[in-house]
Amino acid sequence: MLRIGSIVWGVRDVPRAIEFWTRALDYRLRNEPDDDWAVLVPREGPGVQLALDLVDSEKARRHHLDLYAEDQAAEVERLLALGATRVDWRYEPEADYVVLADPDGNRFCVVQVA
């Protein structure tokens, strides 16, 4: 079964986004941010994390879901059978995710979790 693990939000200025979203949502940094990536989590209690990803695109499609899976390969095959398509993506070595698109072309990642 899948669950939403993170909403990835494309931003043009990571520090400014950290300041805004931590205050807007009462979230906190999960750990020290990188120049191009930060993960925010609820200050208290459970909730979906918000990942801030530096982008240089001004296009509207800068956001995607990360879906966490214990059996990534099986979930990818299940989602493909439901109508998802593989996205031509350049993966870094040891990538733990697969990029797919839903029938409308909206991209999302299936991430292997331990």
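As the structure is a computational prediction, the values presented were derived from the model and not from experiment.
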Name the atoms and distances for all side-chain donor-acceptor pairs under 3.5 Å in residues 26-43, with sequence neighbours left out.
| unit_1 | atom_1 | unit_2 | atom_2 | d |
| --- | --- | --- | --- | --- |
| Asp26 | OD1 | Arg43 | NE | 2.8 |
| Tyr27 | OH | Val48 | O | 2.7 |
| Arg30 | NH1 | Gln49 | OE1 | 3.3 |
| Arg43 | NH2 | Tyr27 | O | 2.8 |

Legend entry - Whether Tyr91 side chain and Val99 backbone form a donor-acceptor pair below 3.5 Å: yes

Legend entry - OH on Tyr97 to CH2 on Trp89, rounded to 0.5 Å: 6.5 Å

Inset, instruction - Taking atom CD of Glu44 as the centre, report whether more than 12 heavy atoms of other residues, nucleotides or ligands fall under 6.0 Å from it. - result: no

Legend entry - Within-4.5 Å side-chain heavy-atom neighbours: Thr85 and Leu100: no

Inset, instruction - Using a 4.5 Å cut-off on heavy atoms from C-beta on, say whether the side chain of Leu52 contacts that of Trp21. - result: yes

Legend entry - Qualifying residues under side-chain hydrogen bond (donor to acceptor under 3.5 Å, both in side chains), relative to Gln72, sequence neighbours excluded: none

Inset, instruction - May I ask you to say whether Glu19 pairs ionically with Arg16, meaning some side-chain N is under 4.0 Å from a carboxylate O? - result: no

Legend entry - Backbone of Val113 reached by a side-chain donor or acceptor of Glu70 within 3.5 Å: no

Inset, instruction - Indicate the atoms forming the closest heavy-atom contact of Val110 with Glu75, along with that distance. - result: CG1-CB, 4.3 Å

Inset, instruction - Compare all side-chain heavy atoms of Ser6 with those of Val8 and state whether any distance is below 4.5 angstrom. - result: yes

Inset, instruction - Check side-chain hydrogen bond (donor to acceptor under 3.5 Å, both in side chains) between Arg86 and all other residues, then give those that pass, not counting sequence neighbours. - result: Glu77

Legend entry - Spacing of Ile7 atom CD1 and Asp53 atom CG [to the nearest 0.5 Å]: 14.0 Å

Inset, instruction - Grab the two heavy atoms, one from Ala84 and one from Phe108, that are nearest each other, plus how far apart they are. - result: CB-CZ, 4.2 Å

Inset, instruction - Would you check if Leu79 and Leu2 make a side-chain contact, meaning some heavy-atom pair closer than 4.5 Å? - result: yes

Inset, instruction - For residues Asp66 and Cys109, report the shortest heavy-atom separation together with the two atoms involved. - result: OD1-CB, 3.3 Å

